[in-house]
Amino acid sequence: RQKTGKLFELSLFAGGRVAGADSNRLTALEHFGAHLGLAFQAVDDILDVTSSVEALGKTPGKDALQEKATIVRTMGLERAKEWARQETSRAVAALEGFRAAGALIDLAHDLLGRVK
């Protein structure tokens with residue numbers, strides 16, 4: 001929440017602010033970003049356990065070797081996958097009522113689609 005989630009949250013807020021979004025839309029974008037960031041971290045942790053170097057673009061398994069506190073290590077693989085789905089749903093729900101949010105919603109679904 002304090003790293004990837006905040007980074008995504010700030011990015012979405014800043015983009016909305018520059019685009020002149022009102023306070024309700026800025027809040028929605030912040031929520032989308034926070035939940036998308038959590039989903040992203042979950043997907044990254046899952047792929048570190050389940051993916052190959054070719055698919056991942058980096059050496060998988062490094063988190064376990066370094067004994068990092070990951071979502072998969074904390075919850076287990078299946079619960080981490082479910083959590084990623086829930087965070088993606090929360091991100092998409094935050095944009096309810098946005099007419100031009102299709103690209104952001106597609107991004108959220110594409111991210112989750114990386115997890116098999």
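Note: hydrogens, waters and symmetry copies are ignored here, and every other heavy atom, side chains too, is used.
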Query raised in the report: If you measure from CD on E30 to CZ on R17, what distance do you get to the nearest 0.5 Å?
Result: 10.5 Å
Query raised in the report: By side-chain contact (heavy atoms from CB on, under 4.5 Å), which residues pair with A108, not counting sequence neighbours?
Result: F32, L36, T88, V92
Query - Verdict with supporting geometry, R85 and E82, salt bridge (Lys or Arg N to Asp or Glu O under 4.0 Å) - result: CA-CA 5 Å; R85 286 188 287 272; E82 179 56 32; 3.1 Å; yes
Query raised in the report: Where do L47 and V43 land on the side chain to side chain contact (heavy atoms under 4.5 Å, CB included) test, with the steps shown first?
Result: CA-CA 6 Å; L47 292 175; V43 168; 3.8 Å; yes
Report task. Identify the heavy atoms of A84 and A39 that sit nearest to each other, and give their distance. Result -> O-CB, 4.0 Å
Query raised in the report: Same cluster or not: are F40 and F13 linked, directly or through other Ile, Leu, Val, Met, Phe, Trp or Tyr residues, by side-chain heavy atoms under 4.5 angstrom apart?
Result: no
Query raised in the report: For the atom pair CD1 (I105) and CG (D110), what is the distance rounded to the nearest 0.5 Å?
Result: 12.0 Å
Query - Shortest non-hydrogen contact between F8 and G33, atoms and distance - result: CB-O, 3.0 Å
Requested in this report: Output the distance between atom NZ (K6) and atom OG (S11), rounded to the nearest 0.5 Å.
Outcome: 12.5 Å
**Report entry** Set of salt bridge (Lys or Arg N to Asp or Glu O under 4.0 Å) partners for R25, sequence neighbours left out
**Finding:** none
Query raised in the report: For the residue pair A28 and A94, what are the closest heavy atoms and their distance?
Result: CB-O, 3.3 Å
Report task. Provide the closest heavy-atom pair for A34 versus E9 in the form atom of the first, atom of the second, distance. Result -> CB-OE1, 3.7 Å
Report task. List the steps and the verdict of side chain to side chain contact (heavy atoms under 4.5 Å, CB included) for I46 and K81. Result -> CA-CA 7 Å; I46 292 163; K81 288 179 180 180; 3.8 Å; yes
Query - Salt bridge flag under 4.0 Å for residues E87 and R90 - result: yes
Query - Heavy-atom check, side chain of V72 versus side chain of T50, under 4.5 Å - result: no
**Report entry** Heavy-atom check, side chain of L104 versus side chain of L29, under 4.5 Å
**Finding:** yes
Requested in this report: State yes or no: do L107 and V115 share one hydrophobic cluster built from I, L, V, M, F, W and Y residues joined by side-chain heavy-atom distances below 4.5 Å, directly or via other members?
Outcome: yes
**Report entry** Rounded distance [0.5 Å steps], CG in L7 versus CD in Q41
**Finding:** 10.5 Å
